Each structure stands twice: as C-alpha cells, then as structure tokens.
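First comes the structure, then the notes that go with it.
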Amino acid sequence: MIELKFGQRKVVNFRGARKVVGGLTEKNKIDILLYISKEFANADKEEELYDIVISLCKDIFECDNTTLRMWKGNLLVPSRFLKETIPPRRDLSQDEGYSGFTFKTRMPLLIQDLTHHAEYIDEGETTRAVMCVPIMYKEDCLGTIAVESDTEFFYREDDLEILEALGSQLALAITSVRLIQGLVQANEREAQILKQLEWDMRMGRNVQSQIVETTISPWNGLHFGTYYEPMTEVSGDYFNVVRQGNSITAIIVDVSGHGIPAALVTMSIHYQFQRCTSLGMGLSETLAELGESIRPQLPDGTYFTAFILKVYSDYTYSYVNAAHQKMLHYHNGHGRIEELDTQGVPLGIFEVERSNFEEKHGRILPGDILFLPTDGITEQKNEQRQELGNQRFIEWIRQEKSTIEEQRDKIYVSDLVGSLIGRFKRYKGDVRNGDDVSLLALQCNPELGKAKTLLSLAKSAAKAKKDQVAYDKALEVFSMDESLKDSLVLLGKMYYRDRNFEKSVQFLEKYIKTSGEESEHIHYLLGRAYYELENIPEAKRALKRSLAIDHTYAKSSLRLARCYLKDNETPKAIKVLQQGIKSAPTNEYLKISLKKLEELVKRKSGDLVVSEQRKEAV
C-alpha cells in the first residue's frame, strides 16, 4: 500500500468548466515514481508485475477500474483487471477501442468524456474518463494499461504523465524478468549457454536497429545521410529525427560504455525522447527531462551526452549541447565550416534542470550541411596510434565534398557520408574500432531557392485561377524535390478541388507522411477524397483521425455519418451525429442531418409495421 497523504480527488464545475480538485501534489509524484521502481524491482515473475500494476493504479489514481492488456497472438488480451465489467472484457484487435488505438499509434491517450467518443467503447460500458498508455520496449508495444473512471473529467495531464512513467518502467521490468528467466534456462542447458548468449546479442542488435533508423526520408527540402556501426553487436550510440509538421527535432546521443548495458539505456532514451517531442517540450526542457527520467535507471558510473537540434519551416534552427561533440555547419556560400557548441552538462551524473543548458540559433541555407557525429569518429586511432581529431575530420569534409561536387551538383549528402566513412576506414586500417561510430548529417537542397520561387508563382497562379500554370509550376517543384510540404499540400488541395480524388489522395497521404503534419482539416480532406473514391474503410480511418484531433470539427462528423450510411450502419451514423452535436451544439447542419435521419428511420419502422399487418391479414 502506498503511504501518501492526499485528499480524495473530486470533479467540480468552475466557471463553466469541469475541473479536478485534490489528487496528486508534486511531492506525491516523486514518492510515487520511487515507489513504482521499488515495487517492480522486488518482482521476479511477470504475473507478480501484473498484480503490482493493478494495485498501484488503484492506489494512485482512485480509479473505478484498471485493465492491463498484453499483446498475444495478434490480439490485446485482458491479462489483469481490477474488476469484471458489464459487458465482460473481450480480446481486442489493434483497431478496436481506446486500448487498440493506443497500441496501434504507440501514443498515450487521455479522454475526459467518452460520451463524445463512443467508437472507443462497447455498448453498455459505464466508463466515462480514461487514460491509456502503451507498454513500450524499444519499438515493440507489449500491451496497454488503461485506467478508467465512471466520472467524466476525472483525470489530468499530470496523471497521464505518471501512468506513462509506470508503463515505461513496467516494460523494462517485464523485459528484465524475461531476460533473467532466459538466463536461468540457459544455465540449465550448460552446453548451449554460449550459443544462447550470442543469439541474444544478435537479437539485441536486430531490436536496436528498429529504433535507430539509418534510412531517413527527406523533410521539406532537408535530406539526410547517416552511418551507424556498433563496436560490438549492440551500441551505446543513438540518433533519431521526429517530424512535427512545421519543424523537425533531431537528437544524437552517446552513452558511456559499450555492449548490452549501454544499449539498454539507448532504448530508454528513445522512449523518453519520443514522449518529450510529442508533448511539445523545448530543447533544454527535453534534455533535462531525459536526464532526470533516466538517471535512476542508469547502472553505476554510466552517463550519456547528447546534442539536440530543431529545424523550422523557414530553415532557422535552434540547438543545445549536453557535453556532446560539436555540431559542424558547412556554409555552402563561402565554404566555411563552423563548429557549433553551447554550455551544457552530461546527463545521468547529477540532477539537472533547464538552466543547466544554453540554447543557440542559426539558419541553414540552400546547399548547407549540418554534421552531428559521435566521438567514435574523431577519437579513433590509426596504426601509428595517431588520433583522427576534429580538425582533420573537418578538412576531410572539404576535400570529399569538393570531389563529389565534381560528379554531381544536386543533393549528395548520403554520398558524402559514405565517402567520409570510407576515408575513416582507410585511416584506421586494421585497427579495431575504439568506440561505437555514428554520424547524422542534414543537407538543405541546393535548388531550394529556385523551388521556392516556382512555388510562389504556383500559389499566385492558383489564386488567380490560372489552373494550368499553377499545376505546371507546382509539379515542376515536386519534380525538383518531393519532400517540400507546401507543394504537396497545394497539389493535394488543387486536385481535390478539381475532383481528381485519386491524385488528391496521393499528394495528401504523402504530405501527412513526409511532414508529420496533424490537422483535422487535412485528415478531413483525405477522408472526403477516399469517400468519393468509394474506399469507405480508408475514409472512416481518416475522418476518425480528424475527430480525434478535434472532436468539434463538424464536417468530419457529417462525412463519417455518411460513411456509416454507405455501409448500412444507420445506428452508428445516428450516434456519430449525436456525438457531433454534443461537441458542437450550435452547428445547425448536424442538427438538421440528425433530424432527417431519425425521421427516415421512424418512417421505415412504420412502413415495416404496416407490411407485417398486411401479411397477417392475408
């Protein structure tokens, strides 16, 4: 039982809004996180961990119910729950309910009033407020934890953060228990111990390769080159790029040490980095959060350095260094290479906060390249025991770039990274790598200036209704660089307007995937285009996503209702319209549509009664 001193939470109306009073204080949160770690550390079986989760959720969140689902045989199976429900729990696919949505998207979910989201619950369920988080280990989702209340607006974002932390620690605890059980079994098979450990290392590398993407698709004219080579089977290096519509956030990390301990830390960093970016944290705030959330989990003497970079749609950027290698900015206009650094401290050694880090800014111009290396490159020694060094690496960049430019004048960042690594390998000769080796590079399309000019002409032509000119210019921009998000969305909307829905879907899908943009209107347009193409399942998916982003977006409610009518699912169509009216009570279109649909159902019901009476008379 958790010994915490807090009053019971209540939901009250305050100035027209529902608010929670009582609940957890900041001190409670710290105590809870420490208590969770302690409880999980004492468990040595998965079943014990499941029981601990249910008990913890009951004590922490004052919930009416908690459901732990584990992914088994392509279904989310209820493994533990506080009490049985009416109707009883059932196995779910990843397309069903709030647990299925959380599992599929790998994102936490907080719904304050499920009456607005009836698609997430079975008919008859009494749950009104729910928090649901994925149990993530690396890129694998092991299952979900759902904390449920019969009272609307019962939870806050603070509660969701605690539940996410619990889910993260549970994933690590489950993995540790499974690993221990595997080692026990391996010890029982003495002749196969070595073989099993080798297999585990290979498996570890396969799993780690899922969280470190070495092929990164372009974003809005920025193109990527990468290299990633662990010193052993698994690596303590990590890099990632997250798209957020109008910006991207890139990070590169170097964990002290090598092998499995360092690799396990990178997996925790990956989860926490994804969480921080999804919450919209600033760069310094993200680094502080990474340090504080992971520090308690680090093995003794382990720490990590990191460099984090954010590039915006106007090609300005911000960066913060936490005692990592400096970022190198190659300026294409004059050939100068600038070493960029900020004041910062390593993470995991002592407590850190935002003020421990300095944020600086810059701009990347057409043809410019940003290099983010780890020290496995610059600290490598050759056969004469000479260290490569930063200045020698900078000179290599100039030389190799000049050589490649003689062969091509467009985007070449991946070729440049390959050429630099080839020279690195020739330099070290037969000497073994002294550390994990990683390099992330970003190049701004050298033709970006020309593309932006053409795009401006396309927009002007579209506004002036000179459609052919607009199409020609926009498609020319697309041929120059398929990642420029303004050209993608312009083409998607133009084709939509001209009812070329097949082409519209092509460009809108690419826009969403390439940019990382999440807006209710774009998903509505995509759903409408799919509807016109009579691809109703995809139309439903896009429209539900639109409503998940903004449940008051009436156009999506109306179109989703039409989708259900197409599939002869009239009750679901009525329910969607009813939910739409609750979310947007002043929208007359929703009210009129619901009234017509209810009258139609009533009329059909009356006709059916008359028909049955005639049959009886005959």
Side-chain angles (χ1 to χ4, degrees), residues 29-44 49 135-139 161-162 164-180 183 200-201 204-205 207-208 211-212 230-240 251-277 281 283-308 320-325 344-354 356-357 374-376 435-436 438:
K29 294 178 190 175
I30 296 171
D31 293 339
I32 286 170
L33 292 174
L34 292 172
Y35 188 86
I36 290 171
S37 299
K38 180 181 176 182
E39 286 293 288
F40 284 165
N42 292 330
D44 56 10
L49 291 171
I135 305 170
M136 294 295 300
Y137 178 64
K138 307 166 187 175
E139 277 296 301
E161 291 178 10
I162 294 292
E164 283 184 82
L166 190 152
S168 176
Q169 293 199 39
L170 175 61
L172 291 172
I174 289 174
T175 305
S176 297
V177 166
R178 290 176 179 175
L179 180 59
I180 291 170
L183 289 174
D200 287 345
M201 289 287 281
R205 182 165 188 174
V207 172
Q208 193 175 44
I211 69 168
V212 179
M231 180 182 173
T232 59
E233 287 290 342
V234 289
S235 174
D237 285 358
Y238 166 77
F239 57 76
N240 195 8
I251 192 171
I252 188 163
V253 171
D254 187 354
V255 180
S256 63
H258 312 289
I260 290 177
L264 290 174
V265 175
T266 66
M267 294 167 192
S268 297
I269 292 170
H270 172 73
Y271 166 76
Q272 294 294 347
F273 174 64
Q274 298 277 62
R275 184 179 70 86
C276 291
T277 52
M281 291 186 181
L283 300 187
S284 297
E285 186 181 7
T286 296
L287 288 179
E289 179 66 17
L290 285 177
E292 288 310 289
S293 60
I294 294 172
R295 184 163 57 91
Q297 307 168 24
L298 292 176
D300 290 342
T302 302
Y303 65 93
F304 60 99
T305 65
F307 196 108
I308 189 167
V320 178
N321 192 2
H324 193 77
Q325 291 286 104
V345 296
L347 303 167
I349 300 176
F350 48 80
E351 185 176 344
V352 295
E353 54 188 26
R354 292 171 57 184
N356 291 118
F357 305 100
T374 58
D375 59 14
D435 199 352
D436 303 316
S438 297

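Given the structure is predicted, the values throughout are model-derived calculations rather than measurements.
- For the atom pair CG of N240 and OG1 of T277, the computed distance is 8.0 Å after rounding to the nearest 0.5 Å.
- Closest approach of G167 and I135 over heavy atoms only: O-CG2, 3.9 Å.
- Qualifying side chain to side chain contact (heavy atoms under 4.5 Å, CB included) partners for S168, counting only residues two or more places apart in sequence or in other chains: Y271, Q272.
- Side-chain contact check for D254 and T374: no donor-acceptor pair (N or O, by modelled atom type) lies under 3.5 Å.
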Take L347 and L287 through the test side-chain contact (heavy atoms from CB on, under 4.5 Å) and record every step on the way to the result. CA-CA 8 Å; L347 303 167; L287 288 179; 4.3 Å; yes

Carefully, step by step, assess Q325 and F307 under the rule side-chain contact (heavy atoms from CB on, under 4.5 Å). CA-CA 8 Å; Q325 291 286 104; F307 196 108; over 6 Å; no

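- In this structure, R295 places its CZ atom where more than 12 heavy-atom neighbours from other residues, nucleotides or ligands lie under 6.0 Å away.
- Atom CD in E351 sits 9.0 Å away from atom CG in N356 (nearest 0.5 Å).
- Note that the CE atom of M281 and the CZ atom of R354 stand 10.0 Å from one another [nearest 0.5 Å].
- A distance of 9.5 Å separates CD1 of I36 from CD of E39, quoted to the nearest 0.5 Å.
- Scanning all heavy atoms of the two residues, the minimum distance from F40 to L166 falls at CE1-O, 3.8 Å.
- Nearest heavy-atom pair across L172 and Q297 is CD1-OE1, 3.1 Å.
- Contact between G291 and V352 at its shortest, heavy atoms only, is CA-CG2, 4.5 Å.
- Summarising the geometry of L290 relative to F273, their closest heavy-atom pair is CD2-N, 3.7 Å, with the distance given to 0.1 Å.
- For the salt bridge (Lys or Arg N to Asp or Glu O under 4.0 Å) condition, the pairs that include at least one residue of residues 268-277, sequence neighbours left out, are R275-E289.
- Atom NE2 of residue H270 and atom CE of residue M136 lie 6.5 Å apart, to the nearest 0.5 angstrom.
- To the nearest 0.5 angstrom, Y238 atom OH is 8.5 Å from I269 atom CD1.
- Scanning both residues, V320 and L283, for their nearest heavy atoms gives CG2-CB, 3.7 Å.
- Annotation: side chain to side chain contact (heavy atoms under 4.5 Å, CB included) contacts of A323 (sequence neighbours excluded): T305, P346.
- Within 6.0 Å of OH in Y303 there are 12 or fewer heavy atoms belonging to other residues, nucleotides or ligands.
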